[in-house]
Amino acid sequence: LPAGASSSGTSTTLPGFALGTSIDNGAALLSLPFSFPMYTKRYDSVYVSSNGLLVFDTRYVSGSDSSGAVGANDNRDNIVAPFWTDLVCGVTCTVSWLSVAPSGAVPAVVIRYQNASFAGGTVSFEVWLYADGRITFIYQYFPAAADFSGVAVGLEKDPSRYLALPTSKIKLPFSDGQPFMLTFKPWFR
């Protein structure tokens with residue numbers, strides 16, 4: 001947990017993402033315990049894709065996101081991409097969520113991908129969505145020697161308003177093999 005955060009319960013596995021099952025190119029709709037602000041709009045739910053992508057767009061179609069790019073004109077808008085690639089949630093993988101109460105009384109929802117597989121190996125990471133619009137990506141486990149060029153990381157409102165973080169040319173510290181986190185603070189209050 002980030003500094004000052006405390007859990008307010010136990011994590012809940014999302015439908016279809018239980019240990020012992022396998023899911024590829026699927027998603028579950030998660031109702032949020034608060035209205036999450038993203039790019040001046042508020043959302044009460046989010047699609048959690050097996051491919052490391054959160055989608056707030058109601059036009060989203062499960063299974064249509066095995067690959068993509070943040071900022072692409074591909075009819076996928078209002079996305080949070082902590083590790084967007086063709087992930088498979090196999091029999092040792094779970095995707096779960098947890099409501100937390102960090103210090104400062106700003107509630108958050110944590111979405112945790114545990115032991116998801118991709119062409120480069122196995123990854124475990126979390127996405128924290130705070131009620132004030134902050135977003136944190138926490139990368140806990142990933143193979144340091146993997147090729148991350150097919151992984152998209154970033155945020156998108158639409159193809160003209162997005163933030164894409166390169167994973168191959170200007171590397172995020174995946175190659176260090178150590179856990180790390182990124183936090184995005186909203187500029188649109």
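When reading the values below, keep in mind they use all heavy atoms of this one structure, side chains included, and skip hydrogens, waters and symmetry mates.
If you run side-chain contact (heavy atoms from CB on, under 4.5 Å) between Tyr47 and each of Val55, Leu53, Ile79, only Val55 comes through.
A side-chain donor-acceptor contact under 3.5 Å links Thr85 to the backbone of Gly150. In terms of modelled atom types and a separation under 3.5 Å, the side chain of Thr136 and the main chain of Trp128 share no donor-acceptor contact. Proximity of a side-chain donor or acceptor of Thr122 to a complementary backbone N or O of Asn115 within less than 3.5 Å is not detected. Here the side chain of Tyr139 pairs a donor or acceptor atom with the backbone of Pro82 at under 3.5 angstrom. Panel note: side chain Ser31, backbone Ser45; no donor-acceptor pair is recorded below 3.5 Å. Side-chain atoms of Asp57 come within 3.5 Å of backbone atoms of Arg59 as a donor-acceptor pair (strictly under, hydrogens ignored).
The two atoms that bring Ala108 and Tyr130 nearest to each other are CB-CD2, 3.6 Å, heavy atoms only. When all heavy atoms are compared, the tightest approach of Ser124 to Gln114 is OG-NE2, 3.4 Å.
Ring pair Phe118/Phe142: centre-to-centre distance not below 6.0 Å.
Remark: Asp86 pairs with no residue by the side chain to side chain donor-acceptor pair (under 3.5 Å) rule, at least two apart or across chains. Partners of Phe36 under the ring pair (Phe, Tyr, Trp, His ring centres under 6.0 Å) rule, at least two apart in sequence or in another chain, are Phe56.
Donor-acceptor pairing under 3.5 Å is lacking for the side chains of Ser96 and Thr13. In this structure, a donor-acceptor pair under 3.5 Å is present between the side chains of Asp65 and Tyr60.
Separating the CG atom in Leu155 from the CZ atom in Phe184 is a distance of 5.0 Å, to the nearest 0.5 Å.
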Could you walk me through whether Leu54 and Leu129 pass the side chain to side chain contact (heavy atoms under 4.5 Å, CB included) test, one step at a time? CA-CA 10 Å; Leu54 306 183; Leu129 302 175; 4.2 Å; yes

